[in-house]
Amino acid sequence: MRVIFLILLLAASACSTVSSSLQYTEGTEALERGDYQQAATLLEEAVRLDPGLSRNHNNLAAALFELGRLEDGWPHVRQAVLLDPSNQY
């Protein structure tokens with residue numbers, strides 16, 4: 001029983017990471033083309049799905065800054081650096 005639960009837990013985690021990567025990629029593309037609202041929406045979902053990835057927080061902060069939402073962006077800058085002090089995104 002424990003083995004089945006562990007397998008299901010690992011599978012769910014992998015799906016979340018894959019979804020996060022898709023949201024991150026699409027959000028980053030929107031950011032690069034200047035569609036900041038779409039970028040913020042997609043990157044917020046990436047952060048929700050995988051809050052442990054520095055790049056998700058970093059790019060969400062960039063989108064929020066571009067929208068003039070500085071107070072919303074700063075916590076994500078902080079989290080990005082806490083997760084990866086050598087953050088070069």
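If you read the sequence from its start, that first residue is 1, and numbering goes on from there. Just so you know, these numbers come straight off a predicted model, no measurement behind them.
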- Does Tyr24 reach the side chain of Leu53, with side-chain heavy atoms less than 4.5 Å apart? no
- Below 4.5 Å, heavy atoms only, C-beta onward: do Trp74 and Phe65 meet side chain to side chain? yes
- Task: Give the minimum heavy-atom separation between Ala61 and Val77, together with the two atoms involved.
- Result: CB-CG2, 3.5 Å
- Using a 4.5 Å cut-off on heavy atoms from C-beta on, say whether the side chain of Leu49 contacts that of Gln23. yes
- Item | Heavy-atom pair with the smallest gap, counting every atom of Ala39 and Leu31 | CB-N, 3.6 Å
- Taking atom types as modelled, find out whether Ser21 and Arg55 have a side-chain donor-acceptor pair closer than 3.5 angstrom. yes
- Between CD of Glu44 and CG of Asp72, what distance do you get to the nearest 0.5 Å? 8.0 Å
- Without hydrogens or angle criteria, can the side chains of Ser86 and Asp84 be said to hold a donor-acceptor pair below 3.5 Å? yes
- Task: Report the distance from atom CD of Gln37 to atom CG of Leu64, rounding to the nearest 0.5 Å.
- Result: 9.0 Å
- Would you say the side-chain atoms of Asn56 pair up with the backbone N or O of Ala46, donor to acceptor, closer than 3.5 Å? yes
- Hey, what do you get for OG (Ser20) to CG (Asp50), rounding to the nearest 0.5 Å? 4.5 Å
- Query: To the nearest 0.5 Å, what is the distance between CG (Asn58) and CD (Gln79)?
  - Reply: 12.0 Å
- With sequence neighbours excluded, residues passing salt bridge (Lys or Arg N to Asp or Glu O under 4.0 Å) with Asp35: none
- CD of Glu32 to CD of Glu29: how many Å apart, nearest 0.5 Å? 7.0 Å
- Item | Which atom of Val47 lies closest to which atom of His57, heavy atoms considered | CG1-CE1, 3.5 Å
